[in-house]
Amino acid sequence: MKHFLSYHDVTDLNQLITSGIVAKRNPFGDQELGKNKTICLLFFNSSLRTRISTQKAAQNLGLNVIVMNVGQDGWGLEMEDGVIMNGNNAEHVKEAAAVIGSYCDLIGIRSFATLTDREKDYAEIVFQQFKKYAQVPIVNLESATRHPLQSLADCITIEEFKLKERPKVVLTWLPHFKPLPQAVANSFCEWMNHANVELVVTHPEGYDLSPEFVGNGQVIYDQDKALEGADFVYGKNWSSFNSYGQVLNTDPSWMITESKMALTDNGKFMHCLPLRRNMKVADEVLDGPRSLVIEQAANREWSAQAALREILINLE
Ligand code: CP
């Protein structure tokens, strides 16, 4: 694996899941792989889990780690080619990416969707520019359209907790008053399409995700019907893809409660975090035995370790 930008960079999903589970049992078994190598983690947006778990995974692999909040710790970066740079951004990505690439062996980047221009967001300009100018492997720490380290952690969690060979996994939209990106939902669908699961996606009308991500997932607009017999319920809010970035609905009846979970086949609840309690998910679910949110977040360390390990092996 040269880069880790999306599922398309994965050659063998089962092998990658196994690699994460092996790392969990023996975190320091590949310390030599990263020795005398450096990863720079660039954050254009806030993070708790991604920042700490990726740093920890890199250290487990023997890597030196540099973490920067772009625009706070360093200069604001211009991404567009050919512009007159008379705005707030003092440095162009052409120079910045090339310079960071000269110091570091890998670069991790978090850069969210603007939710104002769908074409630009889905073109993933920040990642394309870094890939072009840094000339070192790029790791997606959540982009405008995808969050593959989260999706790999989700695959590891489902593998650990599934009681059936082919579980029913339901991605459900949750209510939220703010417009949030589609990245986690897109990515989850993309990865579930390649996992051995039955994928169902449920959301109010107007919240359809891009068909390229939903793939073979079955879309059901009735949440109660979708939840019937589910083994895993994956909650997430996202703003509209078609009415790009808009909040069309905040119907509180889409919140996940114990009565909603009672429709499932003793299903487990998953969410990538962070989440707003009692708006998206009720305390009774999060504090009860069905919730896997902490286990899922803990697996972010092992998904990051599996992905970084694969890239380091190919750097050898
Ligand atoms: N799930 C996730 O990516 O969490 P952070 O935004 O805190 O990194």
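Indexing begins at 1, ligand by ligand and atom by atom, following the structure's order. Positions are given from 1, in the same order as the sequence printed here.
When hydrophobic residues (I, L, V, M, F, W, Y) are linked wherever their side-chain heavy atoms come within less than 4.5 Å, Phe112 remains an isolated member.
The distance from ligand 1 to the heavy atoms of His147 drops below 4.0 Å at these ligand atoms: 2 (C), 3 (O). If you number the atoms of ligand 1 from 1 as listed, the ones under 4.0 Å from a heavy atom of Leu48 come out as 5 (P), 7 (O), 8 (O). Near Leu273, the atoms of ligand 1 lying under 4.0 angstrom from a non-hydrogen atom of the residue are 1 (N), 2 (C), 4 (O). Each of the atoms 5 (P), 7 (O), 8 (O) of ligand 1 lies under 4.0 Å from some heavy atom of Ser47. Listed by number with element, the atoms of ligand 1 under 4.0 angstrom from any heavy atom of Arg300 are 1 (N), 2 (C), 3 (O). Of all atoms in ligand 1, numbered sequentially from 1 with element shown, those under 4.0 Å from a heavy atom of Cys272 are 1 (N).
Arg309 and Asn60 share no donor-acceptor pair across their side chains, judged by distance under 3.5 Å alone.
Legend: residues meeting salt bridge (Lys or Arg N to Asp or Glu O under 4.0 Å) with Asp231, ordered by chain and number and at least two apart, are Lys164.
Taking the six-membered ring where the residue is Trp, Trp238 and His203 present perpendicular rings, their angle passing 60° and hence far from 30°.
Contacts with ligand 1 closer than 4.0 Å are made by no heavy atom of Val184, backbone or side chain.
Residue Thr50 has at least one N or O atom closer than 3.5 Å to an N or O atom of ligand 1.
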